[in-house]
Amino acid sequence: MAEKIDLNDENSEKKGYNFVEQIVADDLAAGKNGGRLNTRFPPEPNGYLHIGHAKAFCMDFGVAEKFGGTCNLRFDDTNPVKEDVEYVDAIREDIHWMGFDWGNREYYASDYFPQLFDLAVRLIKEGKAYVDDQSSELIAEQKGTPTQPGVNSPYRDRTPEENLDLFIRMNEGEFAEGSRVLRAKIDMASPNMHFRDPIMYRIIKTPHHRTGTKWKVYPMYDFAHGQSDFFEGVTHSICTLEFEVHRPLYEYFVKELADDSYCPRQIEFNRLNLTHTVMSKRKLLQLVKEGLVSGWDDPRMPTLSGMRRRGFTPESIKSFIDKIGYTKYEALNSISLLEHAVREDLNKKATRVMAVMNPLKVVITNYPEGQTETVEMENNPEEPESGTHSMPFSREIYIEKDDFMENPPKKFFRLSPRNEVRLKGAYIIKCEEVVKDENGEIVELRCTYDPDTRSGLPGAARKVKGTLHWVSVPHAVDATARLYDRLFAVENPSAEEGDFRDMLNPESLKVVEGIKLEPYIAENARKGEKFQFQRIGYFTPDYDSTSEKLIFNRTIALKDSWEKEQKKN
Ligand code: ATP
Ligand code: MG
């Protein structure tokens with residue numbers, strides 16, 4: 001829980017509030033809304049939440065927490081065609097995972113359908129709304145342009161009696177979808193396009209996941225949102241910049257309900273946009289439906305469920321969101337910055353272990369056959385409290401193929417013929433012989449070890465240039481690694497011409513079978529566990545992993561190699 005802010009503290013302006021927090025602080029200090037603070041996060045249950053939504057709800061819940069207010073979770077479920085309870089459940093789980101809770105303040109826009117309907121009826125009776133029999137295409141055409149006024153609908157001057165009769169029959173299912181809408185009668189010449197008789201209700205006959213077939217007319221966002229805020233007593237309705245132009249309409253509708261004592265205030269901030277991905281729920285749904293990813297929680301997706309499965313932590317996501325901040329300017333945020341935050345957090349949390357991705361067998365010829373000893377490995381040098389675990393050492397070990405070169409260049413400090421390296425946590429070995437198969441492929445190295453160089457022995461301090469990770473052959477456990485990379489090859493797929501699906505990164509998933517793990521990893525391969533495979537990257541067990549078939553997701557490589565790789569290509 002964040003510390004509650006003392007509003008009488010005259011230094012509060014110097015406390016580094018972002019502009020939204022500053023508005024809230026000022027409103028509270030001025031005693032607006034009787035000192036009440038109530039925000040809301042209003043997802044539409046038509047997809048899983050992504051990291052952009054997290055930016056929104058970190059603000060909604062975060063500012064409430066910071067200033068001692070409350071935040072509602074409101075499902076904006078006004079379009080039954082696209083919505084589903086699966087999404088409602090996923091949204092709840094993701095917000096909880098990020099560490100926020102809405103207590104008993106879980107609401108649904110569909111709960112307000114009766115009040116909204118009553119308000120629409122009132123507006124019809126007052127001559128402020130009318131039924132239009134034109135198609136939505138025609139209505140859009142008549143809207144005009146920002147510099148040209150719109151054209152009045154031929155149905156604009158229907159009598160309130162006729163409008164009321166038609167609206168009630170629309171809701172009784174008498175008319176086909178798309179054949180009629182209810183519009184607010186405001187001003188077809190308004191400089192704000194949103195005031196040009198906006199649509200309030202449309203006919204939809206698909207059953208709703210909560211209200212079934214009770215309603216055949218459904219309110220549009222602009223009509224439902226502000227009213228829902230009002231019904232809930234929301235004081236600050238925080239949203240993204242694209243709603244700025246809707247604000248006058250938001251206020252227009254709310255004024256139909258509000259008295260002078262209370263009116264919610266809409267505040268807009270910039271969206272989160274990430275490089276190498278897309279944020280549109282429509283596009284993400286398309287990727288899922290067409291099988292271009294394995295599901296909403298595919299570890300390459302920008303969804304919170306995907307990031308969780310991939311091994312990202314809520315803390316790293318929050319830290320990234322803090323870094324990019326809340327402003328009034330649209331920006332494209334670099335995914336490298338997010339990845340940096342993930343590395344920074346996992347560095348503090350992940351258990352250091354050894355795994356060999358591309359194994360090459362090494363036989364230590366002067367080590368006694370059949371002997372095993374254990375070496376103690378630090379779990380996390382960043383976290384001395386985390387202790388150690390033991391790892392078996394024996395006559396045969398695996399090292400990475402890449403860590404050996406027969407004819408190395410000058411600055412190669414790993415293993416090569418007649419050269420020495422240290423096996424991390426164990427002995428110094430020297431390569432004596434290279435064994436090849438009939439194709440000339442290196443299949444084994446024969447080495448000797450210096451028995452005096454293990455930790456605790458007099459030769460422990462002896463320095464050699466390279467240190468390698470390794471796994472004992474008889475103790476190694478096989479596993480599969482899924483190596484994830486950026487979902488899109490291009491930096492900003494939404495800004496490019498052409499089909500976004502053609503811009504997917506073909507290398508975004510590589511599966512490596514037969515990696516070798518030290519036994520400790522296999523013994524601790526629980527869901528959510530975080531490991532650093534030393535010198536390689538951060539890994540976590542995938543949901544598909546079982547004790548018979550271990551599968552690990554690479555959360556992120558130790559270093560950002562993307563820029564370098566791109567230059568090579
Ligand atoms: P849709 O096109 O379906 O409306 P949406 O992404 O806006 O998609 P909502 O469920 O309406 O989905 O979003 C809930 C809230 O999250 C809204 O207040 C919206 O402003 C905010 N939000 C959505 N995308 C982002 C983003 N990329 N960055 C910050 N906030 C976002
Ligand atoms: Mg939206």
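Indexing begins at 1, ligand by ligand and atom by atom, following the structure's order. Residue numbers start at 1 and run along the sequence shown.
- Ligand 1 is approached by F41 to a heavy-atom distance shorter than 4.0 Å.
- Not close to ligand 1: R282, with no non-hydrogen atom less than 4.0 angstrom away.
- Checking side-chain atoms of K55 against main-chain N and O of N270 turns up a donor-acceptor pair under 3.5 Å.
- H50 is linked by a ring-ring contact (aromatic ring centres under 6.0 Å, His included) to H53, counting only residues two or more places apart in sequence or in another chain.
- Within the 4.0 Å heavy-atom criterion, both parts of R271, backbone and side chain, lie near ligand 1.
- Residue N273 has no N or O atom closer than 3.5 Å to an N or O atom of ligand 1.
- For ligand 1, the atoms closer than 4.0 angstrom to any heavy atom of L272 are 26 (C), 27 (N), 28 (N), 29 (C).
- Those atoms of ligand 1 with a heavy atom of E44 less than 4.0 angstrom away are 3 (O), 9 (P), 10 (O).
- Against a heavy-atom cut-off of under 4.0 Å, T240 is close to the following atoms of ligand 1: 19 (C), 20 (O), 29 (C), 30 (N), 31 (C).
- In terms of polar-atom proximity, defined here as any N/O pair under 3.5 Å, R40 makes no such contact with ligand 1.
- For ligand 1, none of its N or O atoms has an N or O atom of C239 under 3.5 Å away.
- Taking any N or O of K281, backbone or side chain, at least one lies under 3.5 Å from an N or O belonging to ligand 1.
- At under 3.5 Å, not a single nitrogen or oxygen of A56, backbone or side chain, sits near a nitrogen or oxygen of ligand 1.
- The pair E106-R92 counts as a salt bridge, with a side-chain nitrogen and a carboxylate oxygen less than 4.0 angstrom apart.
- Listed by chain and number, the residues in a ring-ring contact (aromatic ring centres under 6.0 Å, His included) with F61 are F100 (sequence neighbours excluded).
- Geometrically, ligand 1 and N270 share no nitrogen or oxygen pair separated by less than 3.5 Å.
- Under the 6.0 Å cut-off for aromatic ring centres, F19 and F269 do not qualify, their centroids lying 6.0 Å or more apart.
- Remark: R482 engages D544 in a salt bridge, criterion side-chain N to carboxylate O under 4.0 Å.
- Both tests hold for K527 against Y543: distance to the six-membered ring centre under 6.0 Å, angle to the ring axis within 45°.
- For ligand 1, the polar-atom distance check against N46 finds a nitrogen or oxygen pair separated by under 3.5 Å.
- A salt bridge links R501 with E290: at least one charged nitrogen is closer than 4.0 Å to a carboxylate oxygen.
- Taking a cutoff of 4.0 Å between a charged side-chain nitrogen and a carboxylate oxygen, K349 and D345 qualify as a salt bridge.
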